[in-house]
Amino acid sequence: MTAGKGRPPSRRGLVLGTGGSLGYAWTVAALSTWQQATGHDAREADVIVGTSAGSIVASALASGVAVDDLVEHLLHPKPSSDTPRPRRDGARGGLPPLPRVGPGSIRLLAAVARAPSRFPPLAVASALLPVGRADTSGVVRLVSSFAPETWPTEPQLRIVATDYDSGARVPFGRDGAPPASPAEAASASCAVPGWFKPVRIGGRRYVDGGVCSATSADLLLGSDMPALDEALVLVPLARRGRVRLSVGGAADGLFRGIVGGRSAREIARLRGSGLKVTAHAPGPEERAVMGWNVMDASRQGDVVRTALRTTAAWWAREDRDT
């Protein structure tokens, strides 16, 4: 939104959700077409909240990396390039190494047993999953290639991870959060339970922030945040539109419905507070290209090409639900 004469510019929050390698590709494409449709630059947001794959995009934007550079590298990857592309050791071919035996977090299971209503279903599932063997050192190398050790103040950056023993949501970058660099925080935020080893920061174990919430959009309402006028929320693991009539399509639709339900409640809270919120999630055509395995990086190019077309059409619709 362009400020009128004598009117201060709108203060904007940007929320980028979890979504694996293919959610990363969809998010980058959606941001690119949103910029074209609105004339905004995603790097000029006042606050950026990133979870899992969204934390990599958030870190890049907060470090001054242009969205179209991210698009270009996904479409025409150059192995020698320093342009960001998410790579997590152990995720080659879109399949994880065999995990260890036994539940990943006995302490979290005990906490769930004491107060089951406090924890979302994904937190319970993550505690039951065995500890993964892959690691997120690739995320550390990637984010360190463009992000400084210190946290930016303009925009404010929050990277969300989950404490694997308490189930608590931890927004790194906020005052009082455990000391960590953006690269360390992003590696923790990307540590999918059962696939990647938990990331140790300050003696605690952390896993994917999506265990608590796919977006953590409600963080924009925190007392540590500036007063905002509007927000863009991208939820690559939610769904928009019809579900495919197949066993795989139904399972994918059910999972995305669960993920999207919590995000929808967070978005409703933002709107209830007076923020103008634009939210978007993949539609049927995009989900068909993404498939069930959102970690399969070999299909990033196909997802970007599809999403550049479909999201551009979505932003252009006058009847879209914002």
Side-chain angles (χ1 to χ4, degrees), residues 11-19 21 24 27-28 31-32 35 40-74 77-89 135-163 169-191 196 198-204 206-210 215-216 219-220 222 224-226 228 232 234:
R11 295 178 66 81
R12 182 176 301 107
L14 185 60
V15 179
L16 309 176
T18 183
S21 295
Y24 170 93
T27 296
V28 167
L31 281 174
S32 177
Q35 288 186 153
H40 299 313
D41 187 326
R43 294 173 294 183
E44 296 177 354
D46 296 278
V47 179
I48 307 179
V49 176
T51 301
S52 196
S55 74
I56 299 176
V57 185
S59 299
L61 296 176
S63 301
V65 179
V67 171
D68 288 342
D69 287 342
L70 302 178
V71 171
E72 176 63 22
H73 193 260
L74 285 168
K78 298 181 176 123
S80 61
S81 173
D82 289 332
T83 307
R85 189 185 192 197
R87 287 287 186 184
R88 289 178 273 193
D89 293 351
D135 68 71
T136 55
S137 58
V139 174
V140 175
R141 293 192 297 271
L142 169 65
V143 178
S144 295
S145 71
F146 55 75
E149 287 288 313
T150 56
W151 289 78
T153 56
E154 294 183 0
Q156 291 196 42
L157 174 64
R158 299 290 184 270
I159 293 177
V160 184
T162 302
D163 186 310
R169 180 175 66 175
V170 179
F172 285 95
R174 183 166 71 181
D175 287 345
S181 69
E184 291 169 331
S187 73
S189 186
C190 290
F196 297 98
V199 173
R200 286 194 175 273
I201 296 175
R204 304 287 296 181
Y206 295 93
V207 293
D208 197 310
T215 53
S216 286
L219 289 178
L220 295 182
D224 59 313
M225 292 292 182
L228 300 173
L232 172 66
L234 298 180

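- Shown here for Ala188 and Ile201, the closest heavy-atom pair between the two residues is CB-CD1, 4.1 Å.
- Taking both residues in full, the closest heavy atoms of Ala53 and Gly19 are given as CB-N, 4.2 Å, listed atom of the first, atom of the second, then distance.
- Within the model, atoms SG of Cys190 and CG of Asp135 stand 12.0 Å from one another, a figure rounded to the nearest 0.5 Å.
- The side-chain heavy atoms of Ser63 and Pro148, taken from C-beta on, include a pair separated by under 4.5 Å.
- Partners of Asp224 by salt bridge (Lys or Arg N to Asp or Glu O under 4.0 Å), not counting sequence neighbours, listed by chain and number: Arg158.
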Test log, rule salt bridge (charged side-chain N to carboxylate O under 4.0 Å, His left out), inputs Arg204 and Asp163: CA-CA 7 Å; Arg204 304 287 296 181; Asp163 186 310; 3.0 Å; yes

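- Ser32 and Asp68 get closest at one heavy-atom pair: OG-OD1, 2.9 Å.
- Remark: side-chain polar atoms of Ser55 are not paired, donor with acceptor, to backbone N or O of Gly50 under 3.5 angstrom.
- Note: Leu219 CG to Gln156 CD = 11.5 Å, rounded to the nearest 0.5 Å.
- Nearest heavy atoms, Leu61 versus Ala42: CD1-CB, 3.9 Å.
- Remark: of the listed residues Val67, Leu70, Ile48, Leu70 is the sole one forming a side-chain contact (heavy atoms from CB on, under 4.5 Å) with Val57.
- Residues Thr27 and Leu31 form a side-chain contact, since some pair of their non-hydrogen atoms from C-beta on lies under 4.5 Å apart.
- With rounding to the nearest 0.5 Å, the separation of CD in Glu149 from CD in Glu184 is 6.5 Å.
- Across Val143 and Ala186, no two heavy atoms sit closer than the pair CG2-CB, 4.0 Å.
- Applying the salt bridge (charged side-chain N to carboxylate O under 4.0 Å, His left out) definition to pairs two or more places apart or across chains, those involving residues 169-179 are Arg169-Asp218.
- The side chain to side chain donor-acceptor pair (under 3.5 Å) search around Ser59 returns none, not counting sequence neighbours.
- Within the 4.5 Å cutoff, the side chain of Leu14 has no heavy atoms near those of the Val47 side chain.
- Side-chain contact between Ser137 and Ser187: absent, with no pair of heavy atoms (C-beta onward) separated by less than 4.5 Å.
- To the nearest 0.5 Å, the span separating OG1 on Thr18 from CG on Asp208 amounts to 4.5 Å.
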Step-by-step side chain to side chain contact (heavy atoms under 4.5 Å, CB included) determination, Phe172 to Leu157: CA-CA 8 Å; Phe172 285 95; Leu157 174 64; over 6 Å; no

Test log, rule side chain to side chain contact (heavy atoms under 4.5 Å, CB included), inputs Leu74 and Val28: CA-CA 9 Å; Leu74 285 168; Val28 167; 4.1 Å; yes

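- Taking OG of Ser21 as the reference point, atom CD1 of Ile56 lies at 8.0 Å (rounded to 0.5 Å).
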Val49/Val160 under side chain to side chain contact (heavy atoms under 4.5 Å, CB included): CA gap, chis, key distance, verdict: CA-CA 8 Å; Val49 176; Val160 184; 4.0 Å; yes

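- If you take CZ on Arg43 and CD on Glu154, they are separated by 15.0 Å, rounding to the nearest 0.5 Å.
- Between Ile159 and Trp151, the closest side-chain pair of non-hydrogen atoms falls below 4.5 Å.
- Between Asp46 and Arg12 there is no salt bridge, since no side-chain nitrogen of the basic residue lies less than 4.0 Å from a carboxylate oxygen of the acidic one.
- Heavy-atom minimum distance, Ala161 versus Tyr206: CB-CB, 4.3 Å.
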